[in-house]
Each structure stands twice: as C-alpha cells, then as structure tokens.
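For ligands, and for the atoms within them, numbers begin at 1 and follow the listed sequence. All residue numbers refer to positions in the sequence shown, counting from 1.
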Amino acid sequence: MDKLLIQGGVPLAGEIRVSGAKNAALPLMCAALLTEDELTLSNVPHLRDVSTMVRLLSQMGVEVSLDDRLGLSLRAARLSNPTAPYELVKTMRASILVLGPLVARCGEARVSLPGGCAIGTRPVDLHIKGLEALGAEISVEQGYISAKAKRLKGARLVMDLVTVTGTENLMMAACLAEGTTVIENAAREPEVADLAQCLTAMGARIRGAGSDVVTVDGVARLRGASHRIMADRIETGTFLAAAAATGGSVTLHGANPGTLEAVLEKLRESGAEVRAGDGTIALAMRDRPRGVNVRTAPYPAFPTDMQAQLMALDAIADGTGVITETIFENRFMHALEMQRLGADIEISGNTAVVHGVRQLQGANVMATDLRASASLVIAGLVAEGETRIDRIYHLDRGYECIEEKLAQLGARIRRVT
Ligand code: EPU
C-alpha cells in the first residue's frame with residue numbers, strides 16, 4: 001500500500017493551480033441521470049472518488065467518456081440498472097446522490113445504505129424523509145433503500161438539520177417533480193449553488209440556491225448542457241494552511257476566494273498576510289503562527305472539512321487554540337496521530353484544546369480519513385526529520401496530484417509503495 005515520506009522543515013514557496021471541487025463534481029455527475037441527453041463537465045479533478053462515481057454510473061448504463069482535456073461527458077440515454085451496490089457505496093458515501101435523480105427519472109431506485117464511516121455515523125434519514133414527502137414510497141430491506149414513485153410531486157420540505165448532499169439530492173429530484181418544491185433550512189454551501197447553476201443550464205427552474213430557501217418548479221424533462229466545475233475551496237484552504245504552517249509564501253491560481261471567507265479570516269487571525277484577487281489568493285506567513293479558536297458549522301461558517309488542517313496549524317502555533325467540531329461526532333482522529341509527532345492536544349467531547357509547541361518531530365502516522373490525512377501532510381511538512389504517512393489512499397480520494405503540487409512549492413515529499 002502506498003505511503004508518503006516527507007522531510008519537513010521547508011517553507012512552501014511558489015505558485016500552483018487549484019483543481020475542480022470534488023464535492024461539486026460528485027453531485028454534478030449524478031445530475032447526468034436526470035436527462036437522456038449528454039452532460040459535459042470541465043475542470044473535473046482527477047480523483048479516486050470521481051473514478052468510483054464513473055464506475056457507479058457506468059454500471060447503471062450511463063455512457064461515460066473522457067476527452068483529451070480531461071472533460072467528462074456523461075450520457076444516460078438508457079438506464080439499464082437503477083441500483084447502487086454495496087461494494088461501491090461502502091467506499092464512497094456520496095453514492096447516495098444517485099437516489100434522488102434515479103427515482104425522479106426512472107420511477108425506481110435501489111441504493112445500498114451507506115452505513116457508518118470514520119468520521120461518524122452519518123445517517124441518510126433526511127434524504128429518505130424528503131423523498132417520501134415528494135411522494136416516493138420507500139422501504140429499507142437487507143441493507144438497501146428501495147424507492148418507487150410514478151411521478152414525484154412538489155412539496156414544502158423543512159429540513160431538520162442542514163445537510164449538503166441531502167439538499168442536493170432533493171433539489172435534483174424536485175427538478176422533475178410535478179409542481180413546486182420548497183426546501184427550507186437548505187444547505188448554503190457553494191457546491192449546492194454550483195449544482196443549481198448546471199441544473200438551470202439543463203432547463204431546471206430553481207431559485208434561491210446558495211440561500212437557506214431553495215424553490216424548484218418541476219419540469220417534464222431536462223436537456224443536456226456543459227458546465228465548468230467550481231474551484232475546490234477545501235483544496236485551496238489546505239494549501240494555504242500548509243503554506244502558513246511552514247512559514248511560506250504561495251500564490252494559488254484558479255481559486256475562488258469568495259467561497260472561503262471564514263477560512264481566510266482564520267488564517268489572517270493566525271498572523272498570515274492574505275491577499276485575495278480575482279481567481280488568485282496569495283498568502284505569506286512571516287512569523288510563528290498564533291493559536292486560533294475554530295468552531296465548525298454549515299456554510300458560510302468555518303467548514304468541518306478544514307478543521308483538521310487548522311489543527312495542524314494550531315499545533316505549532318504560539319499560544320493555545322480551541323477547536324470545536326459541531327458537524328461530525330468523531331472527527332478528531334487526526335489529533336491522536338498528531339500527538340505521535342509531538343503535538344500537545346487535549347480532547348474532551350467535541351472540543352480539542354491545542355497547546356502550540358515550538359517544533360514537531362517526524363514519526364510514522366496513519367491516515368484515517370481524507371481531511372485527517374491532509375492535516376498529517378501539513379504536520380509532516382513542518383516536523384523536524386522524516387514523517388511517514390500510511391494509508392495514503394484516503395488522500396487520493398480528494399486531492400489531485402498533491403505530491404506534485406507540494407513538490408512544485410519546494411516540499412520534500414515522495415510516494416513509496
Ligand atoms: N445528517 C443526518 N441525516 C441525514 C443527513 C445528514 O443526521 O439524512 C447529519 C450528518 O450525520 C452530519 C450532518 O447532518 O452530522 C451534516 O452532514 P451532511 O449531510 O451535510 O454531510 P454530507 O452531505 O454527507 C458533505 C460533504 C462532506 C462534508 C459535509 C459537511 C460531499 C460529497 N460531502 O457531506 O465532505 O464534510 O458535507 O460539510 O459533499 C469531505 O470532503 O472530506 C467530506 C466529508
């Protein structure tokens with residue numbers, strides 16, 4: 001199994017380009033299920049989760065092709081098998097995003113229950129409840145969600161809590177429903193708005209995406225479209241945190257600063273000089289970072305997907321940072337691994353108190369999930385000596401060419417098998 005070897009201590013410097021967003025790409029690929037015409041996506045990140053989604057859609061009968069500029073064309077002219085099997089769903093929870101489009105387009109769907117994962121239990125009850133409110137008949141048997149509906153009917157959906165993929169699933173289903181659907185307490189994440197923009201180009205009638213009330217007037221059919229996937233705000237934030245932690249100076253191109261205000265604010269508070277322009281973010285950290293407090297919450301607040309990376313920054317900061325995780329109940333696994341590198345972190349429930357230390361020391365650590373592995377890469381980049389990160393396949397789920405990009409910024413990093 002692949003491992004990463006990092007020789008820490010080099011301040012990152014230089015320029016790189018940000019990739020397309022994983023968490024926008026996955027729902028956008030599922031939107032292809034809503035039409036028999038071709039959907040073409042550009043700025044597609046080359047990631048393991050994207051390949052998993054290609055496999056999932058292909059086995060349903062979607063024709064998928066890659067063009068020479070890494071654009072992805074998806075055509076769901078005939079859907080032979082509206083099923084998402086356990087083997088694929090267990091490796092990627094985002095597979096649940098096929099449920100809404102399939103039941104809306106085919107009148108039936110069978111999707112394996114995603115089950116637990118490293119960061120918490122993460123149920124899908126709100127996806128199911130929402131589809132039922134739209135008129136789907138749903139049963140859960142032998143680990144599979146079976147949904148049936150002649151034609152979904154618009155309804156008012158008040159979400160019990162803010163769910164990103166839940167909002168996306170229901171918004172996609174509502175596009176082909178009869179009548180109007182209003183989703184209240186909707187997720188405001190930029191990926192929801194990006195999906196809505198693509199659906200609108202496909203002929204959907206959506207208002208309010210990106211706010212907490214999304215209104216969808218259902219239409220009888222959608223057509224093909226071309227869409228450019230938004231920049232990955234979490235990849236952007238990860239590289240900025242890495243530059244800040246190493247005392248570096250970097251410029252990121254192809255970024256969208258407007259989608260990560262809360263992260264930029266925390267980086268500034270830690271002492272970084274951050275300049276955001278049109279599609280570009282430059283960061284320079286001249287002194288030792290200061291410890292910052294972080295509380296994760298739905299967008300536009302600080303994203304849970306950046307919590308681990310900020311913990312790595314706090315780990316070597318001057319002072320103490322208190323990190324509170326409010327989205328997932330088990331998202332501090334990286335803290336235990338960072339302790340192997342010499343970090344001083346106390347965990348109590350959903351709060352981590354991080355007492356910054358002057359220097360981390362290289363050690364062997366294990367990645368437990370995608371963002372945890374990113375935080376360990378950051379910690380490895382600042383640690384003295386060599387850090388070896390095992391189970392690096394987690395990283396490949398969500399970071400395109402991460403070693404190449406970090407090496408371009410001067411990091412001493414290599415992959416070994
Ligand atoms: N929840 C329920 N019931 C539901 C749905 C969600 O209780 O039916 C709970 C979850 O257990 C969690 C909270 O609601 O406690 C919020 O979860 P949400 O549904 O928003 O998460 P998600 O849609 O499964 C997406 C991202 C995650 C990101 C979260 C939060 C995608 C494909 N995944 O997950 O990304 O952490 O939103 O922003 O968009 C990652 O990229 O590393 C990642 C985990």
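- One finds a salt bridge joining E337 and R340 here, because a Lys/Arg side-chain nitrogen approaches an Asp/Glu carboxylate oxygen to under 4.0 Å.
- Between atom 13 (C) of ligand 1 and the options N169, T163, L161, the minimum heavy-atom separation is to L161.
- Looking at atom 24 (O) of ligand 1, its nearest protein heavy atom turns out to be R122 NH2, 3.0 Å.
- Close approach to T304 involves these atoms of ligand 1, each under 4.0 Å from a residue heavy atom: 30 (C), 36 (O), 38 (O).
- The proximity of D125 to ligand 1, defined as any non-hydrogen pair under 4.0 Å, involves the side chain as well as the backbone.
- Close approach to V162 involves these atoms of ligand 1, each under 4.0 Å from a residue heavy atom: 16 (C), 20 (O).
- By the 4.0 Å heavy-atom criterion, R331 is counted among the residues contacting ligand 1.
- Contact annotation: K22 has at least one heavy atom less than 4.0 Å from an atom of ligand 1.
- Interface atoms of ligand 1 facing L370, defined by a heavy-atom separation under 4.0 Å, are 42 (O).
- Legend: side-chain hydrogen bond (donor to acceptor under 3.5 Å, both in side chains) pairs involving residues 134-149, not counting sequence neighbours: none detected.
- With hydrogens left out, the protein atom closest to atom 32 (C) of ligand 1 is N23 OD1, 3.3 Å, a heavy atom.
- The protein atom (non-hydrogen) at minimum distance from atom 21 (O) of ligand 1 is F328 CZ, 3.9 Å.
- Between R331 and D305, at least one side-chain nitrogen of the basic residue sits less than 4.0 Å from a carboxylate oxygen of the acidic one, meeting the salt-bridge criterion.
- Listed by first and then second residue, the side-chain hydrogen bond (donor to acceptor under 3.5 Å, both in side chains) pairs involving residues 255-267 are K266-E269 (not counting sequence neighbours).
- Ion pairing of R391 with D369 is absent here, as no side-chain N (NZ or NE/NH1/NH2) approaches a carboxylate O to less than 4.0 Å.
- With hydrogens left out, the protein atom closest to atom 4 (C) of ligand 1 is P123 O, 3.0 Å, a heavy atom.
- Between R233 and E191 there is a salt bridge, since a side-chain N of the basic residue sits under 4.0 Å from a carboxylate O of the acidic one.
- Given atom 41 (O) of ligand 1, the protein heavy atom at minimum distance is R371 NH2, 2.7 Å.
- For a threshold of 3.5 Å applied to N or O pairs, the pair formed by V164 and ligand 1 contains at least one separation below that value.
- Remark: T35 OG1 to R223 CZ distance equals 9.5 Å, nearest 0.5 Å.
- In the candidate list I234, V192, T167, T165, T165 is nearest to atom 22 (P) of ligand 1, counting heavy atoms.
- Atoms of ligand 1 lying under 4.0 Å from any heavy atom of L126, numbered from 1 in the order shown and given with element: 3 (N), 4 (C), 8 (O).
- With salt bridges taken as basic N to acidic carboxylate O contacts below 4.0 Å, one links R415 and D396.
- When each of L310, V263, T296 is checked for a side chain to side chain contact (heavy atoms under 4.5 Å, CB included) with P303, only V263 meets the rule.
- Taking CG from D2 and CD1 from I392, the interatomic distance works out to 8.5 Å, rounded to the nearest 0.5 Å.
- Ligand 1 places these atoms under 4.0 Å from at least one heavy atom of H127: 8 (O).
- R75 has no carboxylate O lying under 4.0 Å from a charged side-chain N of E36, or vice versa, which leaves the two without a salt bridge.
- Set against the non-hydrogen atoms of D305, the atoms of ligand 1 under 4.0 Å away are 27 (C), 28 (C), 35 (O), 36 (O), 40 (C), 41 (O), 42 (O), 43 (C), 44 (C).
- Per-residue contacts place I327 under 4.0 angstrom from the following atoms of ligand 1 (heavy atoms of the residue considered): 12 (C), 15 (O), 16 (C).
- Atoms CG and CZ, from L47 and R397 in turn, are 10.0 Å apart once rounded to the nearest 0.5 Å.
- Near V124, meaning under 4.0 Å from any of its heavy atoms, are these atoms of ligand 1: 4 (C), 8 (O).
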